[in-house]
Amino acid sequence: MKSGFMSSVCPKQTLQQLTASAQQYGYTGIEFRVEWGHGHGVELDASSADLQNARRHLADAGIDASCVATSVKFNTNDPLDHESHQETLRRYIPLAAEIGAPCIRTFSDPLPEENEEARNEILKRAADSYAAVNDLAAEHDIRVLVETHTNMRAHWAMQVLELAQASHLQVLWDPGHHVRRGQSVDEAHGHLQGSVAHLHFGTAGPGEGSMSEEEHARVVELLNADGFEGYFSVEVINPDDSDAVLAYNSRQFEKYLEAARGK
C-alpha cells in the first residue's frame with residue numbers, strides 16, 4: 001500500500017518540482033492530471049522522447065507514475081460522443097505505458113438518479129465502450145478505471161464492470177463522492193472488494209471535505225485487509241497551500257495505515 005498525490009495539488013510545478021515535493025513529504029507516486037495545462041508536460045502532444053525522458057526522471061527520483069487522470073467520459077447515449085471518447089482513450093493507453101503508469105482514470109458519470117431504465121441504458125453503453133478498448137489496454141498492460149465520481153455509486157460502477165467483462169477494467173474508488181450521497185464506506189466496499197486498483201484520498205486539512213477521519217481510517221483498514229497494493233492518491237484541486245496539503249495528508253495516511261496494520 002503506497003501513498004501518492006495528483007498533480008492538481010501542485011498544478012504549476014514542473015515534473016522535476018513534483019518529484020522533489022514527493023521526496024520531501026514521503027510520497028512515492030505522482031498521478032498526472034492531463035488536459036488542464038499543468039506544468040508536468042505529460043500530455044498527448046508530448047513527443048515520445050519527452051515521455052521517455054519523463055520516465056527516466058521518475059525512475060532516477062525513485063517515484064512512480066501512479067496513474068494518468070483523464071477527462072474521458074462515457075455517460076451519454078450518443079454513439080458519436082462515445083466514439084470520440086474511445087478514440088481519446090486509445091491515445092492515452094500507449095502514453096500511460098510509455099511513462100510507466102499502470103492505470104488510466106475515466107468517468108461514467110453523472111448518471112440519472114431516479115430513472116433506472118435510463119441509467120441502465122447508459123451503463124450498458126459505457127460497458128460497451130470500455131469493452132471496445134480492452135484489447136488495446138491488454139496489449140499495453142494498462143488498467144482502465146471507472147471512478148466512483150459525483151453520483152456514481154459503487155454498485156453502479158460494478159454494474160459497468162460486470163456488463164463489460166473486460167479483463168483490464170477496474171475501479172478507482174473515491175469514497176467522498178458516494179459518502180456525500182448517503183452510501184457508506186462499508187456498503188461501497190462490499191460491492192467493490194477485489195476490483196479497486198487506485199484510490200483518491202485526502203482533504204485540504206482537518207475538518208474539511210465530505211468524510212470524517214474515522215471514515216478515511218475505515219477505507220485504509222478495509223483495503224489493508226484486502227491486501228491492496230495500489231496507491232492512495234491525494235486529490236485536492238488547486239489548493240491555496242500545496243505544501244500544507246501534502247504534509248497533512250502524508251501524516252494522516254501514515255496514521256491510518258499504522259492503525260490498520262495494528263489491528
Side-chain angles (χ1 to χ4, degrees), residues 1-34 36 38-40 42 58 61-69 101-103 105 145 147-150 171-180 184-185 188-189 192 196-226 228-263:
M1 204 177 306
K2 298 163 286 191
S3 65
F5 62 93
M6 189 187 282
S7 60
S8 296
V9 180
C10 313
K12 295 181 180 179
Q13 289 192 357
T14 65
L15 177 60
Q16 291 73 21
Q17 291 169 327
L18 286 171
T19 55
S21 292
Q23 292 168 334
Q24 179 179 355
Y25 294 106
Y27 295 92
T28 60
I30 296 171
E31 179 173 358
F32 294 99
R33 189 25 165 131
V34 294
W36 280 8
H38 289 179
H40 53 67
V42 177
L58 289 165
I63 305 295
D64 293 333
S66 65
C67 185
V68 175
C103 53
R105 187 276 300 275
L145 310 181
E147 183 174 355
T148 57
H149 184 258
T150 65
V171 173
L172 192 163
W173 191 13
D174 190 332
H177 291 279
H178 60 70
V179 165
R180 189 180 302 121
S184 71
V185 167
H189 177 260
L192 300 176
V196 177
H198 193 66
L199 179 82
H200 280 171
F201 178 86
T203 63
E208 299 193 38
S210 59
M211 291 174 60
S212 66
E213 284 198 19
E214 291 75 17
E215 287 168 322
H216 277 109
R218 182 60 174 158
V219 171
V220 176
E221 180 184 358
L222 290 167
L223 289 181
N224 179 70
D226 290 345
F228 178 73
E229 296 181 348
Y231 267 95
F232 292 80
S233 187
V234 177
E235 183 190 26
V236 177
I237 298 173
N238 302 337
D240 292 333
D241 189 338
S242 298
D243 289 292
V245 169
L246 291 176
Y248 172 73
N249 284 285
S250 180
R251 292 193 302 269
Q252 293 300 104
F253 172 75
E254 291 301 323
K255 180 174 75 172
Y256 300 147
L257 187 58
E258 182 178 357
R261 288 177 171 169
K263 290 188 176 181

For this session: Show your reasoning for whether side-chain contact (heavy atoms from CB on, under 4.5 Å) applies to H200 and H177.
Result: CA-CA 10 Å; H200 280 171; H177 291 279; over 6 Å; no
Are side-chain heavy atoms of [X] and [Y] found at a separation under 4.5 Å?
X	Y	result
Y25	V234	no
F5	V236	no
P175	M211	yes

Heavy atoms only: give me the nearest [X]-[Y] pair and the separation to one decimal.
X	Y	value
L18	S7	CD1-CB, 4.2 Å
L246	Y27	O-OH, 2.6 Å
R33	A69	CD-O, 3.2 Å
P239	S8	CD-O, 3.7 Å
G209	T203	CA-CG2, 4.3 Å
V185	E215	CG2-O, 4.0 Å

How long is the gap from [atom1] on [X] to [atom2] on [Y], to the nearest 0.5 Å?
X	Y	atom1	atom2	answer
H38	F32	NE2	CZ	11.5 Å
H198	E147	NE2	CD	8.5 Å
L172	H149	CG	NE2	10.0 Å
E31	F232	CD	CZ	13.5 Å
N249	S3	CG	OG	9.5 Å
L199	C67	CG	SG	11.5 Å

Exercise. Distance only, no hydrogens: is a donor on one side chain within 3.5 Å (strictly under) of an acceptor on the other, for Y231 and T28?
Worked result: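 Short answer, yes.
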Exercise. With sequence neighbours excluded, what pairs up with D226 under the side chain to side chain contact (heavy atoms under 4.5 Å, CB included) test?
Worked result: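 Only H189, Q193, L223 meet the side chain to side chain contact (heavy atoms under 4.5 Å, CB included) criterion with D226.
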Exercise. How are the rings of W173 and H178 set relative to one another: parallel (under 30°), tilted (30 to 60°) or perpendicular (over 60°)?
Worked result: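 Ring orientation of W173 relative to H178: parallel.
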Exercise. Are any of the side-chain nitrogens in E258 or K255 under 4.0 Å away from the carboxylate oxygens of its partner?
Worked result: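 The answer is no: the pair does not qualify as a salt bridge.
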Answer yes or no: is there a donor N or O on one side and an acceptor on the other, between the side chain of [X] and the main chain of [Y], under 3.5 Å?
X	Y	value
S250	G26	no
D64	S66	no
Q17	T14	yes

Exercise. Out of V171, V196, V179, which one pairs with T148 under the side-chain contact (heavy atoms from CB on, under 4.5 Å) rule?
Worked result: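 That would be V171.
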